[in-house]
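Read through the structure below, which is laid out as structure tokens, and then see the notes.
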Amino acid sequence: EDDFYDDEEDDDGLEAVCQARYLKGSPLLFRRVLWQIRGRSYRDALMLLEFMPWRHCKPVLTAVQSAAARKGTGKGSKADMKRFIKGMQVLGALPGAKVANDKDCLFISGLSPDCTTEDLYCLFSPFGAIPVNGVKAMVGPDGACTGSGFVNFMDTVSVEAAAMHLNGTITQTGRKLEVKMRMPTAPMA
């Protein structure tokens, strides 16, 4: 489960700093909380602050999240939203964050070379909820679409509706879309 987080851990050596003022409570009790999270990763600190029984954890949690939101980003940075979504995925706060191309997945072929992942999302999202990173247009070495892609849905009803409505559709370039439910692969013996 933790492989996703460990493989893509952002180890850029930056530290986030924050100051909290006018907090109600003893400084000693706040230090007790801070001693528990000092030197830990952001993810570990969040988990500890969530589950420690002390009331001083809540303001520290808010301060840590605020500092992390500002870490390495300036005003108007385009990376803000990507970092936010990645953080929500890592914490498991988004449904379907772990996408696997087996159940509730469509395989699409017959796409034009200029098709992008965003185009596939726009085409298939009216049929139902799609998880984060649940759409992928396959691209070749030249950056053009290879003509195929995958779309993962959150439920089987959406998969069936999309396949029924879009399979066999002729595009403006004369290509015929083939939209098939992807069959789960059998485990290797």
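Residue numbers start at 1 and run along the sequence shown. Keep in mind it's a predicted model, so treat the numbers as computed, not measured.
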Nearest heavy-atom approach of F30 to P59 is CE2-CG, 3.8 Å
Output for pair (S109 OG, K180 NZ), nearest 0.5 Å, gives 6.0 Å
Distance col, row L46:CG vs E50:CD, nearest 0.5 angstrom, shows 7.5 Å
Distance col, row L111:CG vs T146:OG1, nearest 0.5 angstrom, shows 8.0 Å
Closest heavy-atom pair, F124 versus L166, reported as atoms and distance to 0.1 Å, is CE2-CD1, 3.5 Å
Interatomic distance, OG@S158 vs CG@N152, rounded to 0.5 Å, equals 12.0 Å
For E178 and N167, the nearest pair of non-hydrogen atoms, with its separation, is CA-OD1, 3.4 Å
What one should report as the nearest heavy-atom pair of T173 and S112 is OG1-CB, 4.5 Å
Query - T117 side-chain N/O to A137 backbone N/O, donor-acceptor pair under 3.5 Å - result: yes
With heavy-atom distances below 4.5 Å as the criterion, would you say the side chains of L106 and M181 are in contact? yes
Closest heavy-atom pair, L61 versus L49, reported as atoms and distance to 0.1 Å, is CA-CD1, 3.6 Å
Quiz item: Are any side-chain N or O atoms of T169 and backbone N or O atoms of L177, one a donor and one an acceptor, separated by less than 3.5 Å?
Solution: no
Are V139 and L123 co-members of a hydrophobic cluster defined by side-chain heavy atoms under 4.5 Å apart?
no
So CG of L120 and SG of C145: to nearest 0.5 Å the spacing works out to 7.0 Å
In this structure, NE2 of H56 is separated from CG of L34 (nearest 0.5 Å) by 10.5 Å
* Asked: More than 12 heavy atoms of other residues, nucleotides or ligands under 6.0 Å from CE of M138: is that the case?
  -> no
Between V157 and M164, is there a shared hydrophobic cluster once you connect ILVMFWY residues whose side-chain heavy atoms come closer than 4.5 Å?
no
Report yes or no: do W54 and L23 belong to one cluster of Ile/Leu/Val/Met/Phe/Trp/Tyr joined by side chain heavy-atom distances under 4.5 Å?
yes
Report all side-chain donor-acceptor pairs from residues 125-132 shorter than 3.5 Å, counting only partners two or more places apart or in another chain.
{"unit_1": "S125", "atom_1": "OG", "unit_2": "Y121", "atom_2": "O", "d": "3.0"}

Notebook entry, point to check: M52 and V64: same hydrophobic cluster, using ILVMFWY side-chain contacts below 4.5 Å?
Noted result: yes
